[in-house]
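Contents: one structure, followed by commentary.
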Amino acid sequence: MKIIGSFPKTRLRRLRKSSWIRNLVSENAISSNDLILPIFVREGKNKVESIKSMPGVNRYTVDKLAIILSKVKKFKIPAVALFPFTPNNKKNINGSEALSPNNLICKSLRLIKSRFPEIGVMCDVALDPYTSHGHDGILINNEIDNDETIKILIKQAILQAKMGCDIIAPSDMMDGRIGEIRKALDKNNFKNVSILSYAVKYASNFYGPFRDAVGSKSKLKKDKKTYQMDYRNITESFREVGLDIKEGADMIMVKPGMIYLDVISKIKNQFKVPVVAYQVSGEYSLIKSGINKNLIDDNAIIESLLAFKRAGACAIVTYFALDLAKKLNN
Ligand code: PBG
């Protein structure tokens, strides 16, 4: 790019001299329209339980979900993402609780769709909250079996769609699952249920607090590197996205977020599809603890989220969704 202008005729500070002019020339913006709030659900009644690894984030029993959903509605956050904290006695090697019509996700979907029909709901398709080994798929001979896993993911997706899920979000990173899930949704008359594929999900060290929040951390044997992406790679992410779009994904997720802005930006430029970013639990907890210790100002929240818009993301999944929406409202 050619540099236009030269000093002293050109003074870039002229366009920064007061807030009104900065607003006029600003290139990007963020609003509550851009946010998806993750919500953790637990069994039992009448409990709102804090999560040590994620200060400010709670687990809700289904009967208490209205507390947070009414805030989501009030602050006009378009959608929530549901995650279950499954009790140990309901976990097993095949994660069969994922297919129970009375699991936490199904119960929550029924509640939201009857009491808060204006809120969009996105659900993870993956088995890790339900397996005794903490992996996203079926473990056969010490390997996560791709094709056997897909058979179950299809059933999980159909069940979620039946319960009213609007956005099916496969986060398991099996090969070929988007096509199979799309086919099954269409066959079952869910042609208007959309798929947000976690197409570019890295085997990251920043998921720790989340795994604690859904109770899979202590369970997880080894790592997820045989199915989640190697963080040294970016070209590979284009292959992932290309395949998933061909298979029928409506939107693409890049995860984690803040340390993968280069990936978001390149995918947006190459594919021109809606890219959603996930500011993950480790990223959240780092910023949150900095704010709690007064090391940084809470305007850091806006700055961290605007970066995703600048990189080209259309929406952001973030545990800060309510904090940001409240801040923008003031
Ligand atoms: C699991 C899943 C994970 C997250 C969302 N869905 C963790 C993992 O893959 O181990 C992480 C979210 C976060 O860290 O905030 N399918």
Side-chain angles (χ1 to χ4, degrees), residues 1-38 55-57 68-81 118-120 122 196 251-330:
M1 202 190 296
K2 235 171 78 185
I3 302 289
I4 300 168
S6 64
F7 182 80
K9 247 185 6 204
T10 305
R11 289 178 184 269
L12 292 175
R13 289 185 55 193
R14 272 185 215 122
L15 299 183
R16 298 179 196 141
K17 70 179 177 190
S18 57
S19 128
W20 64 265
I21 189 87
R22 290 193 294 272
N23 286 341
L24 282 180
V25 300
S26 64
E27 298 172 36
N28 292 287
I30 184 150
S31 80
S32 55
N33 286 333
D34 303 316
L35 308 174
I36 299 172
L37 175 72
V57 178
I68 189 151
L69 293 167
S70 45
K71 291 181 192 157
V72 166
K73 183 174 162 182
K74 177 173 170 201
F75 291 105
K76 300 200 167 62
I77 293 170
V80 297
E118 60 277 86
I119 299 176
M122 152 179 157
L196 166 54
M251 297 172 277
I252 291 299
M253 177 89 82
V254 174
K255 178 179 171 197
M258 288 163 63
I259 44 178
Y260 293 86
L261 295 177
D262 55 329
V263 181
I264 295 170
S265 161
K266 286 188 178 145
I267 287 173
K268 183 72 204 181
N269 281 334
Q270 292 242 3
F271 292 93
K272 322 282 184 216
V273 294
V275 178
V276 178
Y278 200 136
Q279 186 182 48
V280 300
S281 57
E283 299 177 313
Y284 166 83
S285 295
L286 281 174
I287 296 178
K288 185 73 179 178
S289 68
I291 293 170
N292 287 352
K293 289 180 194 148
N294 281 325
L295 293 170
I296 50 174
D297 189 89
D298 73 349
N299 287 313
I301 297 172
I302 301 186
E303 185 178 341
S304 74
L305 295 170
L306 192 112
F308 292 111
K309 299 288 294 186
R310 201 176 58 233
C314 60
I316 306 130
V317 182
T318 174
Y319 304 95
F320 283 124
L322 271 174
D323 305 68
L324 181 81
K326 279 181 201 162
K327 239 175 134 43
L328 296 175
N329 245 43
N330 284 332

Quick one: CZ on Phe320 to CG on Leu305, what's the gap to the nearest 0.5 Å? 7.5 Å

For the side chain of Glu283 and the backbone of Pro256, is there at least one donor-acceptor N/O pair under 3.5 Å apart? no

Minimum-distance pair of heavy atoms, taken over all atoms of Pro38 and Val317: CG-CG1, 3.7 Å

Would you confirm whether Ser289, through its side chain, and Leu286, through its main-chain N or O, come within 3.5 Å as a donor-acceptor pair? yes

Nearest 0.5 Å, what's the OG-CD distance between Ser265 and Gln270? 10.0 Å

Go through it in stages, so that I can follow the logic: the residues are Ile30 and Leu324, the test is side-chain contact (heavy atoms from CB on, under 4.5 Å), and I'd like the CA-CA distance, side-chain angles, deciding distance and then a yes or no. CA-CA 9 Å; Ile30 184 150; Leu324 181 81; 4.1 Å; yes

Qualifying salt bridge (charged side-chain N to carboxylate O under 4.0 Å, His left out) pairs, either residue in residues 303-316, two or more places apart: Asp34-Lys309

Taking atom SG of Cys314 and atom CD1 of Ile264, what is their separation to the nearest 0.5 Å? 10.0 Å

Are any of the side-chain heavy atoms of Phe308 and Thr318 separated by less than 4.5 Å? no

Specify the closest pair of heavy atoms between Pro55 and Asn292, including all atoms of both residues, with the distance to one decimal. CB-ND2, 3.9 Å

Interatomic spacing from CD1 in Ile4 to OG1 in Thr10 - rounded to 0.5 Å: 9.5 Å

Non-hydrogen atoms of Met258 and Gln279 that approach each other most closely: SD-NE2, 3.3 Å

Find the distance between OH (Tyr278) and CD1 (Ile36) and round it off to the nearest 0.5 Å. 9.5 Å

Closest heavy-atom pair and its distance - Leu35, Pro78: O-CD, 3.3 Å

Are the side chains of Asp298 and Asp323 in contact, using a 4.5 Å heavy-atom criterion? no

Applying side-chain contact (heavy atoms from CB on, under 4.5 Å) to Ile301 and Ile291, what does each step give before you reach the verdict? CA-CA 9 Å; Ile301 297 172; Ile291 293 170; 3.7 Å; yes

Apply the test side-chain contact (heavy atoms from CB on, under 4.5 Å) to residues Lys327 and Asn299: give CA-CA distance (whole Å), side-chain angles for both, the deciding distance (0.1 Å), then the verdict. CA-CA 9 Å; Lys327 239 175 134 43; Asn299 287 313; 3.3 Å; yes

Test side-chain contact (heavy atoms from CB on, under 4.5 Å) applied to Val57 and Lys288, step by step: CA-CA 10 Å; Val57 178; Lys288 185 73 179 178; over 6 Å; no

Measuring only between side-chain heavy atoms, which start at C-beta, is Asn329 closer than 4.5 Å to Lys74? no

CG/Leu196 to CD1/Ile252 distance, rounded to the nearest 0.5 angstrom? 8.0 Å

For a 4.5 angstrom cut-off between non-hydrogen side-chain atoms, does Met122 reach Met253? yes

Looking at side-chain heavy atoms only, is the closest gap between Lys71 and Leu37 below 4.5 Å? no

Measuring only between side-chain heavy atoms, which start at C-beta, is Ser285 closer than 4.5 Å to Tyr319? no

State, yes or no, whether a side-chain contact exists between Phe75 and Lys326 at a heavy-atom distance under 4.5 Å. yes

Where the side chain of Lys76 meets the backbone of Lys73, is there a donor-acceptor pair that is under 3.5 Å apart? no

For residues 252-263, which residue pairs qualify under side chain to side chain donor-acceptor pair (under 3.5 Å), counting only residues two or more places apart or in two chains? none

